[in-house]
Amino acid sequence: MAASGLGLLSLGKGTTAQAQVMADGMGVSVEGLKEDLVARLADCETGGKANPDAVITPDANGQASIGRLQFQTRTVIAFTKEIEDRRIDAGEARRIALDGQRSAALAKRIIFERDGAQHWHRCARSLGLYKEVEAIQRLAR
């Protein structure tokens with residue numbers, strides 16, 4: 001559930017003190033904040049379509065962006081190599097882009113460990129994610 005319009009997730013039982021921060025008087029996990037941000041980003045990227053995994057959008061160069069987070073195959077390949085130090089082929093990259101959990105995990109790593117939300121500039125700007133990413137990164141320190 002969202003709290004105070006900030007997209008903050010409440011935590012269930014079993015949350016460690018180390019994984020919690022206090023925000024707006026409510027215990028919220030940094031991981032929960034990240035997951036909420038990526039979920040809102042995915043909703044924006046797919047325009048709220050009923051089957052977001054089926055969304056295919058060509059960019060200005062004719063390259064297809066696929067799945068909830070509108071990944072291009074080459075982007076998934078490059079970041080998997082950079083972040084996980086492993087090579088994947090185009091088929092595996094498409095499977096990652098179309099898998100909601102795997103693509104969200106990759107997006108979180110790109111956003112919070114690498115480049116921020118700049119790869120999703122239109123939605124990041126319209127949702128105000130640039131400042132939110134900075135705030136979450138400060139909480140995570």
Out of curiosity, [X] [atom1] to [Y] [atom2], how far, rounded to the nearest 0.5 Å?
X: E132; Y: L33; atom1: CD; atom2: CG; result: 7.5 Å
X: I111; Y: Q137; atom1: CD1; atom2: CD; result: 9.5 Å
X: L41; Y: Q70; atom1: CG; atom2: CD; result: 10.0 Å

Please tell me if the side chains of [X] and [Y] come closer than 4.5 Å, counting only heavy atoms from C-beta onward.
X: V30; Y: K34; value: yes
X: Q72; Y: H119; value: no
X: I83; Y: L106; value: yes
X: R122; Y: C44; value: yes

Sequence-distant partners of [X], side chain to side chain contact (heavy atoms under 4.5 Å, CB included), two or more places apart:
X: R141; result: R138
X: K49; result: V55
X: A93; result: T73, V76, I77, I88
X: E82; result: F79, R114

Would you please name every residue forming a side chain to side chain donor-acceptor pair (under 3.5 Å) with [X], sequence neighbours left out?
X: D85; result: K81
X: E45; result: none
X: Q101; result: none
X: D89; result: none

Item to complete: Mind running salt bridge (charged side-chain N to carboxylate O under 4.0 Å, His left out) on E92 and R95 for me, showing each step along the way?
Response: CA-CA 5 Å; E92 177 65 10; R95 286 188 290 280; 3.2 Å; yes
Practice prompt. Could you list all the ring-ring contact (aromatic ring centres under 6.0 Å, His included) pairs where at least one residue sits in residues 87-113, not counting sequence neighbours?
Written response: none
Worksheet item: Taking only residues at least two apart or on different chains, which pairs with a member in residues 50-78 satisfy ring-ring contact (aromatic ring centres under 6.0 Å, His included)?
Response: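 The answer is F71-W120.
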Discussion item. Checking L129 against R40 for the side-chain contact (heavy atoms from CB on, under 4.5 Å) test, could you report, in this order, the C-alpha distance in whole Å, the side-chain angles of both residues, the deciding distance, and whether it holds?
Written reply: CA-CA 10 Å; L129 298 185; R40 288 182 288 120; 3.9 Å; yes
Worksheet entry | Heavy-atom pair of closest approach, residues G67 and T46 |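 Taking every non-hydrogen atom into account, O-CG2, 3.8 Å.
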Item to complete: Over all heavy atoms of both residues, which pair between S103 and G100 is shortest? Give the atoms and the distance, please.
Response: OG-O, 3.3 Å
Fill in: Residue pairs passing the salt bridge (Lys or Arg N to Asp or Glu O under 4.0 Å) test where at least one lies in residues 62-75, sequence neighbours excluded
D53-R68
Worksheet entry | Heavy atoms from other residues, nucleotides or ligands near CZ of R86 exceed 12 (cutoff 6.0 Å) |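 Enclosed: over 12 neighbouring heavy atoms sit under 6.0 Å from CZ of R86.
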Practice prompt. Quick one: name the residues clustered hydrophobically with L98, using the 4.5 Å side-chain heavy-atom rule over I, L, V, M, F, W, Y, and just say none if it's on its own.
Written response: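 Reading the cluster by chain and number, L98 sits alongside I56, I66.
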